[in-house]
Amino acid sequence: CGFMHVTKRLARVLALALCVTMVLQITLISTSALNRGFSVSAGAIQDGGLIPVTVTVDGGYNLAGCKLKLRFDEGFLQYVRADFGSFGGVTEAGVSSDDSVTLSFVSMDAVTTTQTFCIVWFRVVDGAVGTTQIEPTVSEAIDVNNQTVSGLSADSVSITVTAQSLTMTSQPIKKYYFCGEPLDTTGMTLIATFPNGAATELTDFGLFGFDSDSSGNQTVTVRSGKNTASFEVVVARKGDINCDDLVNLADYAIIVDTAVFAENQPEGESMFRQDLMQDGAVDCFDAAYESLLISGIVQ
C-alpha cells in the first residue's frame, strides 16, 4: 500500500511537471510569434489630409539590410514622402508599380535596438471617405553576417476617414407635427467637411431625439460619426389649440373666434394647430373637426 501511495504521488508530480512544461512552451511560442521584426502604425489624420505611418524595426534580429513594402490603395491614399530621421545606413524609398511604397536600408552595423525605421507620409485623396488598409510585406532581409533572415512581417494597418465637421446648411421644411406622424427630413441639407479639405453633401446619417408619441418642443440630433447637428420641431396633440394637453371647448372657442371674427389668419405654430384640415385656412370646417375630436368620434 505504501509503494502504491508513493507511485500515485510520483505520477501526480510528473503530470503537474508536464503541464507546467506545456504551458511554458505555449507561452514561449506565443511570445516569440509576436516578435516578427517590424511593426507599422498609423497616426491621426492631420489638416490637409496628411497621415503619418510609422515603421519600427526590432533590434532582436540584428538586421543589416532589408526591403519592406507597404501596399496601399491609390484610389484612397497618395504617397508623399518618407522621413528616415537618424536611422543609420543607406536608406531609400519610392513608389513601385504594384501600388506600394518600397522602403529599404543597408547598414554596416547591425540594428541591435528597437527603433523607428522611418515615417511614411500619405495624403488622403480628395473625396475619399471610408476605411482602407496598408499592408506591409518583407521581401528581403539579411543579418550582419549576410545571412538571410526569414519569417519577418508586420500586421496591416486600417485607416478610416470620417468627417471633420458637419454643417446643416438648410433645415427640414416640416417643423410641426401631430402626434403619430413620422419625421420628415425633406429639405434638409448636410455638408460634411473632411480632413483632406473635401466637402460633400452627406446622405447617410443617424437621427435621434424625435418622439412622435410625446407632445412638446423637441430637439432632433443628426449624427455622423462623432459629428452632430440639430434642428427643432414641435409635436402637438391634434385639437389641443391652447397647448394645455387637453382637447375641449376652450380649444373649439379659439378656432371659432379665428374663423368668424379674426381679420387675419394665424401664422406658424398657431396656424398649424388650428388648421386641422391642413388646407391652409382656419374656417368652419376646422371648427366642425374640432367638435368631432372633443366628442371622441375621431382621433
Side-chain angles (χ1 to χ4, degrees), residues 127-131 160-194 198-259 262-299:
V129 179
T131 301
T160 301
V161 179
T162 57
Q164 206 170 31
S165 64
L166 188 64
T167 304
M168 185 179 297
T169 58
S170 63
Q171 295 192 1
I173 298 171
K174 187 172 177 60
K175 297 181 179 180
Y176 307 109
Y177 294 84
F178 287 124
C179 288
E181 289 188 302
L183 184 66
D184 184 357
T185 59
T186 301
M188 182 177 70
T189 302
L190 297 169
I191 301 298
T193 303
F194 298 89
T200 184
E201 183 176 349
L202 193 67
T203 57
D204 185 15
F205 48 81
L207 293 166
F208 305 90
F210 180 74
D211 183 2
S212 185
D213 294 329
S214 300
S215 60
N217 298 333
Q218 299 182 10
T219 299
V220 182
T221 300
V222 184
R223 182 177 299 161
S224 177
K226 296 181 179 179
N227 302 287
T228 60
S230 63
F231 59 91
E232 303 293 324
V233 298
V234 176
V235 179
R237 181 179 177 185
K238 200 165 190 176
D240 179 19
I241 312 304
N242 59 5
C243 307
D244 63 356
D245 208 27
L246 298 173
V247 179
N248 52 30
L249 290 176
D251 301 301
Y252 177 79
I254 295 174
I255 295 180
V256 170
D257 185 69
T258 300
E263 295 182 0
N264 299 310
Q265 292 282 297
E267 297 179 349
E269 183 180 346
S270 179
M271 179 64 173
F272 170 76
R273 287 179 178 270
Q274 295 186 59
D275 182 16
L276 298 177
M277 302 299 293
Q278 297 291 286
D279 58 2
V282 180
D283 50 30
C284 61
F285 295 104
D286 298 299
Y289 197 99
E290 180 71 24
S291 66
L292 295 175
L293 288 170
I294 293 172
S295 63
I297 296 176
V298 296
Q299 298 293 323

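- Residues that satisfy the side chain to side chain contact (heavy atoms under 4.5 Å, CB included) test with C284, not counting sequence neighbours, are absent from this structure.
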Hey, can you pull the donor-acceptor pairs under 3.5 Å for the side chains in residues 246-255, sequence neighbours left out?
{"residue": "N248", "atom": "OD1", "partner": "A250", "partner atom": "N", "Å": "3.1"}
{"residue": "D251", "atom": "OD1", "partner": "I241", "partner atom": "N", "Å": "2.9"}
{"residue": "D251", "atom": "OD1", "partner": "N242", "partner atom": "N", "Å": "3.1"}
{"residue": "D251", "atom": "OD2", "partner": "N248", "partner atom": "N", "Å": "3.0"}

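- Residues passing the side-chain hydrogen bond (donor to acceptor under 3.5 Å, both in side chains) test with T160, sequence neighbours excluded: T131.
- A salt bridge (Lys or Arg N to Asp or Glu O under 4.0 Å) check over residues 287-299, counting only residues at least two apart or in different chains, returns nothing.
- Within the structure, side-chain hydrogen bond (donor to acceptor under 3.5 Å, both in side chains) contacts touching residues 276-289 (residues at least two apart or in different chains) do not occur.
- Residues passing the side-chain hydrogen bond (donor to acceptor under 3.5 Å, both in side chains) test with T258, sequence neighbours excluded: Q274.
- Under the side-chain hydrogen bond (donor to acceptor under 3.5 Å, both in side chains) criterion, Q299 pairs with no residue at all, not counting sequence neighbours.
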Show the atom names and distances, to 0.1 Å, of all donor-acceptor pairs under 3.5 Å that link a side chain in residues 198-211 to residues at least two apart or in another chain.
{"residue": "D211", "atom": "OD1", "partner": "D213", "partner atom": "N", "Å": "3.1"}
{"residue": "D211", "atom": "OD2", "partner": "S214", "partner atom": "OG", "Å": "2.8"}

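- Side-chain atoms of S291 come within 3.5 Å of backbone atoms of A288 as a donor-acceptor pair (strictly under, hydrogens ignored).
- Scored by the side-chain hydrogen bond (donor to acceptor under 3.5 Å, both in side chains) test, T169 finds no partners at all (sequence neighbours excluded).
- Applying the side-chain hydrogen bond (donor to acceptor under 3.5 Å, both in side chains) test to every pair with at least one member in residues 170-179, sequence neighbours left out, gives these pairs: S170-T189.
- Contacts of T228 classified as side chain to side chain contact (heavy atoms under 4.5 Å, CB included), with partners at least two apart in sequence or in another chain: T221, R223.
- Here the closest heavy-atom approach between residue A128 and residue V161 is recorded as O-CG1, 3.7 Å.
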